[in-house]
Amino acid sequence: MNHPAPKTIGQQYGRRSWAEPWKIKMVEPIEMVSHDVREKAMAAAGYNTFLLRSDDVYIDLLTDSGTSAMSDRQWAGLMLGDESYAGSRNFYHLEDAVQSYYGYQYVVPTHQGRGAEHLISKAVIRPGMVVPGNMYFTTTRLHQELAGGRFVDVIIDEAHDPADPHLFKGNVDLDKLQALIDDVGAEQIAYISLAGTVNMAGGQPVSMANVKALRALCDRYGIRIYLDATRMVENCYFIQQHEDGYADKPIAAILKEFCSYTDGAWMSAKKDNLVNIGGWLAVNDEEVFDLARNMVVVYEGLHTYGGMAGRDMEALAIGIEESVQDDHVCSRVGQVLYLGDLLTEWGVPIVTPIGGHAIFLDAKRFYPHIPQDQFPAQTLAAELYLDAGVRGMERGNVSAGRDPETGDHRYPALELTRLAIPRRVYTQAHMDVVAESVKAVYDKRLQTKGLRMVYEPQYLRFFQARFEPLELD
Ligand code: F0G
């Protein structure tokens, strides 16, 4: 199938530039520490960017999670926090925002995304059940496994190829799903774990046509679909840009339609929803809601705060409304595309099409001489920090962890280093500095050696693992 090339921001707007739909009211100084300090900091952090102190980082692209700049309205909302233990008015505002913009009926607040993943996994997975999904996410899959489930990847093959031009590489492969249903039986499928966009594939979107077809297939077997809505607003931007019939629809309408084909969602509000902490679970099924609402009091807090302060819920409710504005989404994804276009122009291998929240450097093509068990993506993240204090994160062999049955590394097809762009935080000049640093690291790629792991924690090892550089010849 041939796909048209994604439109650049320049093409969408003719020759006119676009700009951020905000101006800066408060600044937070940052500075680049010396090369000497960076070398010492990297060694002390065991070559793991998660273990660096943020004061030693210049431009922090570790994650777009909890790193957004809040608006003046959100900061004002903090002052309206109702810190009552039960029945806080801010919860009702949040509930109303989720119902209005995502369209689900019942809302359970949680402290962040993984809190909601925990609740939904425990509520619907029985030991031995299978959870098909469009590629794993680290915390999501772990909660599914801890609840006794087995995650099975049913994303289209194109998603595993960092250079494939498919515009909706997040799509579910319905034939793979059908084969799985035939194999294990529909009653063994806990639910479909559908993420929009797909973080580990490079921020790749799911098309509206795909979710509609998925709904039809699942309806034939009575299978539920739960959405990881963490970056669903960004997913909607790609539908608006590339899918027939959506060019003139507002993001908010596309979001509501997409969610209407699913039975509920879990949310890390630290991403799309523009807050520094928070999450929620929302479902349409009263029985699932009942279970989740009961469990939230065990694991998170009462069902009208779920681990958040009242003020956090207020900022989140306002953030939801701001997050679906077309000019916001256009400039947010536009900044990611700007960085990606620069790197592509300079011949640096990245995942294409460019996704919604981050640039993913393709470490296998970047360092073809470093074998995957010497962690090329981890090496690249370390090298970028050493070059100019830019912090990214590994999304490859280390993140994939070990197969629980064999104990071996999982060796994923995608060995990527992610540069995630926080929302409303950095300017285009910061993106230029980042691009130039990536280019400098690329230019000396053949002199770069890999790493060996010297400490490996049991769970989610990428957060705390430590490495040492392999000796130079
Ligand atoms: N789902 C997706 C797709 C995510 O990207 C994340 C977090 C979560 C769920 C879990 O949410 O962190 O609020 O508990 N991703 C972060 C990242 C950590 O950097 O991509 P959480």
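We count residues from 1, following the sequence as given. Atoms within a ligand are numbered from 1 in the order they appear, just like the ligands themselves. Remember, predicted model here, so these are calculated numbers, not experimental data.
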**Prompt:** Taking both backbone and side-chain atoms of Gly113, is any N or O found less than 3.5 Å from an N or O belonging to ligand 1?
**Reply:** yes
**Asked** So does Arg215 pair up with Asp263, basic N to acidic O under 4.0 Å?
**Response** yes
**Message:** Which residue in the set Ser323, Ser68, Ser65 passes side-chain hydrogen bond (donor to acceptor under 3.5 Å, both in side chains) when paired with Lys271?
**Reply:** Ser65
**Asked** For ligand 1, is any non-hydrogen atom under 4.0 Å from Lys270's backbone (N, CA, C, O), its side chain (CB onward), both, or neither?
**Response** side chain
**Message:** I'd like to check whether Gln112 has a polar contact with ligand 1, where a contact means an N/O of the residue lying under 3.5 Å from an N/O of the ligand.
**Reply:** yes
**Prompt:** Does any donor atom in the side chain of His303 or Asn294 lie under 3.5 Å from an acceptor atom in the other side chain?
**Reply:** no
**Request:** Mark up the atoms of ligand 1 that fall under 4.0 Å of a heavy atom belonging to Arg114, in ascending order.
**Result:** 11 (O), 12 (O), 14 (O), 21 (P)
**Message:** Below 3.5 Å, N or O to N or O, backbone or side chain included: is there any such pair between Ser268 and ligand 1?
**Reply:** yes
**Salt bridge flag under 4.0 Å for residues Glu158 and Lys169** = no
**Complete:** shortest atom 10 (C) of ligand 1-to-protein heavy-atom contact is with Thr139 OG1, 3.5 Å
**Lys/Arg N to Asp/Glu carboxylate O, Arg150 vs Glu405, below 4.0 Å** = no
**Message:** Between Asp327 and Arg332, does any side-chain N to carboxylate O distance fall below 4.0 Å?
**Reply:** no
**Request:** Tell me, please: is His357 in heavy-atom contact with ligand 1, that is, under 4.0 Å?
**Result:** no
**Side chain, backbone, both or neither: the part of Arg418 lying under 4.0 Å from ligand 1 by heavy atom** = side chain
**Asked** What about Arg231: any of its N or O atoms under 3.5 Å from an N or O on ligand 1?
**Response** yes
**Message:** With heavy-atom distances below 4.0 Å as the criterion, list the atoms of ligand 1 near Thr230.
**Reply:** 1 (N), 2 (C), 9 (C)
**Asked** Among protein heavy atoms, which lies nearest atom 2 (C) of ligand 1, and at what distance?
**Response** Asp228 OD2, 3.3 Å
**Message:** With a 4.0 Å cut-off on N to O distance, would you call Arg38 and Asp387 a salt bridge?
**Reply:** no
**Prompt:** Is it the case that Glu415 and Tyr411 place a side-chain donor and acceptor less than 3.5 Å from each other?
**Reply:** no
